[in-house]
Amino acid sequence: MELVEESPYRFRIDRHDPMRVPGVVFASRSLLPDAGEDRSLEQVANVATLPGIVDASYAMPDVHWGYGFPIGGVAATDVAHGGVVSPGGVGFDISCGVRLLAADTDRDGLRPRLGALMDGLGEATPRGMGRGAVWHLSDRAELDAVLRGGSRYAVERGFGVQRDLERCEDAGAVGDADPARVSERAIERGAGQVGSLGSGNHFLEVQAVDEVYDDAVATAFGLRPGQVCVMIHCGSRGLGHQICTDYVRKMEKVMARHGIHVPDRQLACAPVSSAEGRAYLGAMAAAANYARANRQLLADAARRVFARVTGSRLDLVYDISHNLAKIETHDVDGAPRALCVHRKGATRALPPGHDELPDDLRGVGQPVLIPGSMGTGSYVLTGVPGSPAFASTCHGAGRVQSRRQAVRSERGLDPRAQLEEQDIAVRGASRRGLAEEMPAAYKDVSAVVAAAEGAGLCRKVARLVPLGVVKG
DNA sequence: ATGTAC
């Protein structure tokens, strides 16, 4: 794959048939994927062949290999000109995302109670493959309410406060959710998992604000140096996974009928305006709301533990997804167009002044929440005016080792002991699960964030360091 | 990521 260096943080893959647009990779040279081990840049070029794609097929600095589309990929298609939607452009964990809450206590004050707090959070956070949840919904009507209402429904039921919704993307629920487009099997898988963390790279962490890069913006976000925070990273569990599986199969079958040919079967897609495209978007929106309700319930459980153990309150900073497709209006060649923006392992980053921001954030921009690899630190960023890639930035550190490789390189070592040596308390977490998520398996999140900032995709606001982690 | 394969 030939890359042309356009600027220190921007590389181009020139358009060649059957690409419709070029590929653009935002990264430093050292962050570029190793072509021998990771074929994600070929995936960037493959995505550029999709019908209706505009501008370019973009990759963020944390890009790595994924199903069809790369993880860390952004692609927008023109709805009115045959633009497609692809489940692989969203990913299996639909609306996987991050929620950050800020405590009214500082790390030094928390220290004597950290062990008890972590014990409480470990007990209160359902986690792991399959297994329990805060809610078990046997009633289809109630699950439909979750699929339509997201965080809003959880708050209506008393699991949160009204202010939470002002600090959620889309005020807590995306419109156009269509539970009737969700299969019975997906419903069955989701019914017992509302309010559960899952496994893999999902986590709940107690963190502290270690460094602030922009005082005014951090203050507007409700963050100050030394402050204790809770970060929750999770998604739509088996429900989103099943929806992705269902619609990849459906679209594989009808693609040819729509006259669509793609270089990789995993790019299965359908026009946004087709019956299949609309059905997927309706089901995807339902999964997006499920994921938001999931994070709302876990946040409520964490609040109760915080109040009991520390007497401290937790205020929502923001809740943002990094696996989603959205119909958004963007200028293309100087004219506004309705685009289907796929962000897979990429985070929306609205600039100051954007009308979708709540009043108290409109002057500073959207909080962008970047979970680092386990035990290394996370970032809070904000959007910048005039950024490329449809107001998107990175989503995390980005894997460099497969799960299998990561387990192999941890053989003979004790991942839990390594974390505890760094004064990071661990609750839950299987040995294998920890080994898969050790920092050696990931890029350096600080380098990823520096490249994203250097590329003009976002701006750094604060860095958070972990004090304790709950994992599946 | 995921009842780590229907």
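Below, chain A is the first sequence line, B the second, and so on; all start at residue 1.
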S.K.: Looking only at non-hydrogen atoms, find the nearest pair between A:V98 and A:L369 and report the distance.
M.R.: O-CD1, 3.5 Å
S.K.: Base, sugar-phosphate, or nothing for A:Q193, non-hydrogen atoms under 4.0 angstrom?
M.R.: sugar-phosphate
S.K.: Can you find a side chain N or O atom of A:R237 that sits less than 4.0 Å from OP1 or OP2 on B:dT2?
M.R.: yes
S.K.: Taking all atoms of both residues into account, what is the closest heavy-atom pair of A:A455 and A:F26, and its distance?
M.R.: CB-CD2, 3.7 Å
S.K.: Identify the pairs formed between an N or O of the protein and an N or O of nucleotides 4-6 of chain B at a distance under 3.5 Å, and give each distance.
M.R.:
none

S.K.: Using a heavy-atom cut-off of 4.0 Å across all strands, would you classify A:G200 as base, sugar-phosphate, or nothing?
M.R.: sugar-phosphate
S.K.: Between A:R278 and A:S273, does a side-chain hydrogen bond (donor to acceptor under 3.5 Å, both in side chains) hold up when you go through it step by step?
M.R.: CA-CA 6 Å; A:R278 287 200 308 272; A:S273 56; 5.9 Å; no
S.K.: Restricting to ring pair (Phe, Tyr, Trp, His ring centres under 6.0 Å), what partner residues turn up for A:H322, sequence neighbours left out?
M.R.: A:H233, A:H395
S.K.: Which pair of non-hydrogen atoms, one from A:A452 and one from A:P61, has the smallest distance, and what is that distance?
M.R.: N-CG, 3.7 Å
S.K.: From CG of A:N294 over to C1' of B:dT2, roughly how many Å is that when rounded to an integer?
M.R.: 14 Å
S.K.: Just jot down the salt bridge (Lys or Arg N to Asp or Glu O under 4.0 Å) partners of A:D319, sequence neighbours excluded, or say none.
M.R.: A:R99, A:R295
